[in-house]
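So that we are looking at the same thing, I have put the structure below in structure tokens.
Model, not experiment: these values are computed from the prediction.
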Amino acid sequence: MVKPSKTRLKQIYEAPTHKRSRKAGASLSPELKTRYCTRSSRVVKGDSVKVIEGEYKGIEGKIIKVHTENGRLAVEGIQREKIRGGNVPVLIHASNVMIVGLNLDDKWRQAMLERKRKGGSE
């Protein structure tokens, strides 16, 4: 018999892409929470985030790339120097950041947030 924890990990790592994408979500800042009446949102390239946990705590920057397969983000300004020279972006888990600015270029995302705002105000 397989341990329940092993089964759960298998479900996470063998999940289809549309379910994995939901793992790349982060909490919103207090101002955005009150404005959009929602606690969290899926992180998108171009969002401004603030790191709230870990070695890079307190650093703010824009998201350069989202890795949905492991729920990690590459944030502008957070890099590590390689031994042979050159810099490589440090990947930070989405749960360790807070969204402080939303990228609303996507009309579908904007409409979704507006629906939540209208539903929460009633």
Main-chain N/O of E69 paired to R20 side chain as donor or acceptor, under 3.5 Å:
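Yes; judged by distance alone, with no hydrogens or angles, the pair exists.
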
Any side-chain heavy-atom pair from R35 and L28 closer than 4.5 angstrom?
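SC-SC contact between R35 and L28 ruled out.
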
Tell me whether K45 at atom NZ has more than 12 heavy atoms from other residues, nucleotides or ligands lying less than 6.0 Å away.
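No, not enclosed.
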
Side-chain heavy atoms under 4.5 angstrom apart, residues restricted to Ile, Leu, Val, Met, Phe, Trp, Tyr: same cluster for Y36 and V44?
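No, Y36 does not connect to V44 through the hydrophobic network.
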
For M98 and S29, run side chain to side chain contact (heavy atoms under 4.5 Å, CB included): C-alpha distance rounded to whole Å, both residues' side-chain angles, the deciding distance at 0.1 Å, then the answer.
CA-CA 6 Å; M98 177 174 60; S29 67; 4.2 Å; yes

Solution key, residues 85-97 side-chain donor-acceptor pairs under 3.5 Å, sequence neighbours excluded:
residue, atom, partner, partner atom, Å
N87, ND2, Q79, OE1, 3.4
H93, ND1, S95, N, 3.2
H93, ND1, S95, OG, 2.9

What about V66 and L104, same hydrophobic cluster or not, with Ile/Leu/Val/Met/Phe/Trp/Tyr joined at side-chain heavy-atom distances under 4.5 Å?
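Per the 4.5 Å side-chain linkage, V66 and L104 are co-clustered.
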
Distance in Å, T38 OG1 paired with M112 CE, rounded so as to fall on 0.5 Å steps
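Rounded to the nearest 0.5 Å, the OG1-CE separation comes out at 7.5 Å.
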
Do you know the tightest heavy-atom contact between E114 and R117?
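Smallest heavy-atom distance, with atoms named: OE2-NH2, 2.6 Å.
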
Taking a hydrophobic cluster as the set of Ile, Leu, Val, Met, Phe, Trp and Tyr residues connected by side-chain heavy atoms closer than 4.5 Å, whether directly or through intermediates, do I59 and I64 fall within one such cluster?
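No, I59 does not connect to I64 through the hydrophobic network.
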
Closest non-hydrogen atom pair, S21 against R42:
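Smallest interatomic distance, heavy atoms only, reads OG-NE, 2.8 Å.
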
State the OG-CD1 distance between S27 and I99, to the nearest 0.5 angstrom.
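S27 OG to I99 CD1: 7.5 Å, rounded to 0.5 Å.
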
Approximate separation, where rounding is to 0.5 Å, of L9 CG and E14 CD
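That separation rounds to 10.5 Å.
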
Membership question, hydrophobic clusters at under 4.5 Å side-chain separation (ILVMFWY): are I78 and I63 in the same one?
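They do share one cluster, since a chain of ILVMFWY contacts under 4.5 Å joins I63 to I78.
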
Hey, what do you get for CG (L32) to CZ (R39), rounding to the nearest 0.5 Å?
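One gets 14.5 Å once the value is rounded to the nearest 0.5 Å.
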
Applying side chain to side chain donor-acceptor pair (under 3.5 Å), can you list everything that pairs with E76, at least two apart in sequence or on another chain?
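For E76 there are no side chain to side chain donor-acceptor pair (under 3.5 Å) partners, ignoring immediate neighbours.
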
